[in-house]
Structures are given as structure tokens and as C-alpha cells.
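Below, all heavy atoms of this structure are taken into account, side chains as well, without hydrogens, waters or symmetry copies. Each chain gets a letter, A, B and so on, in the order the sequences are listed, and its residues count up from 1.
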Protein chains: 2
Amino acid sequence: MSMTKDDGEYVQTLARGLTVIRAFGPQHQKLTLSDVARRANLTRAAARRFLLTLKRLGYVKSDDGKYFSLQPAVLDLGYAYLSSIPWWEIAQRYMEEVSAAVEESCSAAVLADGDIVYIARVATQRIMSMTINIGSRMPAYATSMGRVLLAHQEPAWLDDFIEKTNFAPITEHTVVQKPALRKLLTEVKRQGFCIVDQELEAGVRSIAVPLFDRQGKCQAAINVGTHIARVSKMKLTTTVLPALRTASSKITAAWTA
Amino acid sequence: MSMTKDDGEYVQTLARGLTVIRAFGPQHQKLTLSDVARRANLTRAAARRFLLTLKRLGYVKSDDGKYFSLQPAVLDLGYAYLSSIPWWEIAQRYMEEVSAAVEESCSAAVLADGDIVYIARVATQRIMSMTINIGSRMPAYATSMGRVLLAHQEPAWLDDFIEKTNFAPITEHTVVQKPALRKLLTEVKRQGFCIVDQELEAGVRSIAVPLFDRQGKCQAAINVGTHIARVSKMKLTTTVLPALRTASSKITAAWTA
DNA sequence: GAACTTATGTTCGCTATACGAACACACGGG
DNA sequence: CCCGTGTGTTCGTATAGCGAACATAAGTTC
């Protein structure tokens, strides 16, 4: 029937099964077999097979046999990724130091497609209206960590990315003009840090630095987010930046793999 | 060949594919096809098919075609679970309040098998030697949240659990005698909170309260972990406990589903 | 550095496996 | 009560995934 991905080395069943997990989400804790089938574009028969399988594996629960819901076991999958990052624990430790020193939240993120994905976080008082947590995604172009990560990408890749992406303004301050953005990124790479001032959310200003591996490749970014009323732009560069830089180099130094 | 789980409504391929993700972990960021096959008990051919599939889906990367590693996209799976929890965001907010008020880390966890699994966390200064994060697991019997969750489980289930589990001491204070443990749990349920004093790690004392849904069923627990030198046992009940209780009832009140 | 051994990755014909059309069953509205 | 609509389940069939067998690379030994 569908010959889209049929290479003989593609396991359709696995791909379909994973969409079942993704069928759950906000406002969709409890789903019937048919709900899942609809949301994952599967026949009811298929959805049933997958749900029953996931249930046996402990990823899914169903008390009454009608409504299915995800179980904490699915976190093990994400944890497999997190724990596979060689510098993850180390970063966490030094981020705690940063957070304690500046009394603000500190996060780490990597790039995935055009988004940043949070992989570690030490939270203090909330500054953003949105809830950020591990696994959360934000558009790279409007975040301090995103800019840092983009700036350190291969030039060819970056060209292509800027070319084909449509940058939408998020606040009134968001820079979306491609030439302007490109210039900002060059500057970010030159100076080795990035400040984003209320481009993602009004009242929020954050600063990020890159995280290099032993080979000098930028693998992630760490940042500190502040409220404009609490921390001046000046203080960001004089106090927070040095703390981030110290942490960044310490993490690089402690890199195991 | 193997007729172990062959009910006709069990999709072997999905189960196998998921083990591929779990093959990665600490000290196993980059794995060859053969490594994966070994660690997941698959033939090399199967491991190859799965890895190539996961690669196409963006869950796995392979620069050279030899070494494979997990990508941030796998966090989306865990995120599907977290975001499906109706009170997750709300809890996060009130936990931030608790953490700010008492200036200590606050976590939320649910029960899975005999473990607690962390599902939300507001971290301040580190008190444990281990790194805790979302998805982390700890033995339920030796943690404050674990005791709370166990105490509110169905009596029949609890009997069975205590019966068939072998409780190993973690520190010199860990209570492992089954009658003593059972007595503690009864007390926990009666008083509506649980203090665990250095039973999980020396120098660490924590207090937990249950989190009820609208129907009065205990769905999770939230706790505050402290260092014995910084917070007295007295202060735990006089200051921290009220904060936790307030948060708990506010979360229940704001429960949407 | 040839000759052998071991381990890794890939191919390909076969059959077990996952597939979905068809069926049965529950619900609800007229 | 009947009919329409939606949900879950069965079962024969085709095909998707399987692994034995092959090729190719990486070590070992003399």
C-alpha cells in the first residue's frame, strides 16, 4: 500500500508503536483505544495491539480495560538518553554552584531541529510564565541558549537553517529579520556569550555561554534567567557571566568522554 | 520458536525496539550496532533494523555510520507522560512556593513497582550525594515520599508487597524489619506525613506529604529534603510541614481532571 | 606480512508476524 | 424498539520483520 519509507531496513511496527506513546499529552491522560487510533493514525486493531503490548511492558496502564494512560516507566526511556550524556551529572553539580552564587535559575540545553531542549535545570524562583522542565522545548532563535548553539553550528548548516526557517516574533522585542539575526549570531560566537533581552517573554532577560567538549566542539549551552527588575543588564555581564564561564570551563575540564 | 508471550495481541517488534533505546545509558553513549545487539539480546540484523529506524525518526544519530547515540527527541516520549499528568504544571508552581518559603529543595514522585520515580523537582542547594532528577528512581521503603505512597496503597497490595520484597539496609539507620516497617506505615497514614531521618543517606532528613486527587485517592507525594545540620527535626514539623500541607491542598483544589 | 581467527555489518529467501477488512457488540437518539 | 453510529475484537492473509548465511573488516599469531 504505502511505499513511502519501505527500504526493507525500516521497521514500520516500531515507528507506529512509538506514535502511540506520543498520542498522550496535555489534556490527554486517559485515552480509549479508539482515541489513540485516531490521534496516532492507526486502525483500531493496531492501536489495540500496541496498547496491550505497552501495558504488558509496564509503560501503560488500564484499570477498567477501556481507558489507557501512560505510566512512569516511560520516563526510563528519556532517562536512558539523559544518563548517556557523559557530562550530565557533572554539569548538574556546577550548575547548582552557579545557581547558588547568583541566586537565579540555571539551565542547560541542546539543539534539536530548530529548538532547544532542556536537559538539566536548577530552579529557584520562577521568572517565566511558562513552566520549564527537562524535555521542554523553546524556539532556538529567541533564546539565549539557542543563539549560542546556533552560533556554534557549522556555517553551511546555519545558512541552510536561516534560509528555510520563518522566524515569528514572540514579544515586541524579538529579532526576526534574517540579516539582523545573522549579525547577532556572529557577534555571539565572537564574544562567547549571548544575552537575550525580553525577546522570549516580557520582563525576562537571560544570558548563556557555550559548553565545549574536549575537542572544542560546542555540545550544549548553559544559561541563567533573570527578571529585569531584579538584575540589571550590567550585573549580568559583571557577575553572572563570570560564574557561567567558570562553570563551563570546569565542566569541560571534567569531561570524561 | 519462542512461545513465551505469543498471544496474538502482543507486538513483539515494538517490545524489542524499545529495548534498543534502553540499551543506552551511563557509560554507554556511543554504541555500535553489535553493542546494541548484545545489550538488548537481539541479533545484529535486528539491532541494525531498529537503529536505522530510530535514526530516521530522529531518536538516534550516527555520524560515521558506526557509532550510534541517542538524541534529545527521546525526551519527547517521557514528556508525553509528564504533560499528560493533569496536575503536573500546577504542582510545579506550588512546589516553587514551598521551595522559596523554606529555602530547600522540593520534589514530587509517584510509585512504580517498588520504587519512587521523581516527576517534578525544584532544586536549590544539593543535599544528597546522588544526583536526583526527573525520572530518577529510589527504593520506596527508605524514602519519605515512598513511605507516604506505600502507606496509602491498597492494604492487599501492600501486604503482598511487604511479603515478597527483601528490604536491604542503605544506611545504618534504615528500617528493614518488616513488622517495624509496617508499623511505621500505619503511623504515616494516620498522621498524614512522613519523616525519614538519614535512612537513605547520612546527614539527610526529609519530610513528605501525600497528594490526593479530587476523589481522595493518593496519586503522588511531595517532599522537602534537608541537611541535618541546617534544619532541626523540630523545624521540619513546625515550618516545613505546614508549607507542604498548604501546597498539597492547593494542588488538590486546582485539580482539573 | 601472509595466514588464520574472531568479530562486525549486510544480504536475502522464508515464514512467523503484524495487518486490517469484516464482524460483533454497546450505546443513544428518535 | 429499531436503526445508526461508534467501539472493540476476531481471523485469514500478505507482507513485514526475521535470522541463518554470507561478506567484509579487525585483530592475532608465527
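If you find the closest nucleotide of DNA chain D to A/V11 and to A/R49, the one lying nearer the 5' end belongs to A/R49.
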Q) If the sugar-phosphate is the primed atoms plus P, OP1 and OP2 and the base is the rest, what is the B/S/- string for nucleotides 4-10 of chain C, using protein heavy atoms under 4.0 Å? A) ----BBB
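Using modelled atom types, one finds no donor on one side chain facing an acceptor on the other under 3.5 Å when comparing B/S69 with A/Y81.
The side-chain heavy atoms of B/L77 and B/Y59, taken from C-beta on, include a pair separated by under 4.5 Å.
One atom, CG of A/L51, and another, P of D/dG8, lie 10 Å apart when rounded to the nearest Å. Computed from coordinates, the A/E9 CD to C/dC12 P distance equals 12 Å when rounded to whole Å. A straight line from CZ of B/F50 to P of C/dT17 spans 12 Å, rounded to a whole angstrom. The OH atom of A/Y10 sits 13 Å away from the C1' atom of D/dA16 (whole-angstrom rounding).
OP1 and OP2 of D/dA16 both lie 4.0 Å or more from every side-chain N or O belonging to A/Q12. Applying the 4.0 Å criterion to OP1 and OP2 of C/dT17, one finds that B/R16 has every side-chain N and O outside that range. Distances shorter than 4.0 Å separate some side-chain N or O of A/T13 from OP1 or OP2 on C/dC19.
For the residue pair A/L111 and A/A140, the shortest heavy atom distance occurs at CD1-CB, 3.8 Å. Closest non-hydrogen pair, A/R49 versus A/T53, comes out as O-OG1, 2.7 Å.
Between A/T32 atom OG1 and A/K66 atom NZ the span is 5.5 Å, to the nearest 0.5 Å.
When each of A/L75, A/V20, A/I21, A/L31 is paired with A/L70, the side chain to side chain contact (heavy atoms under 4.5 Å, CB included) condition holds for A/I21 and for no other.
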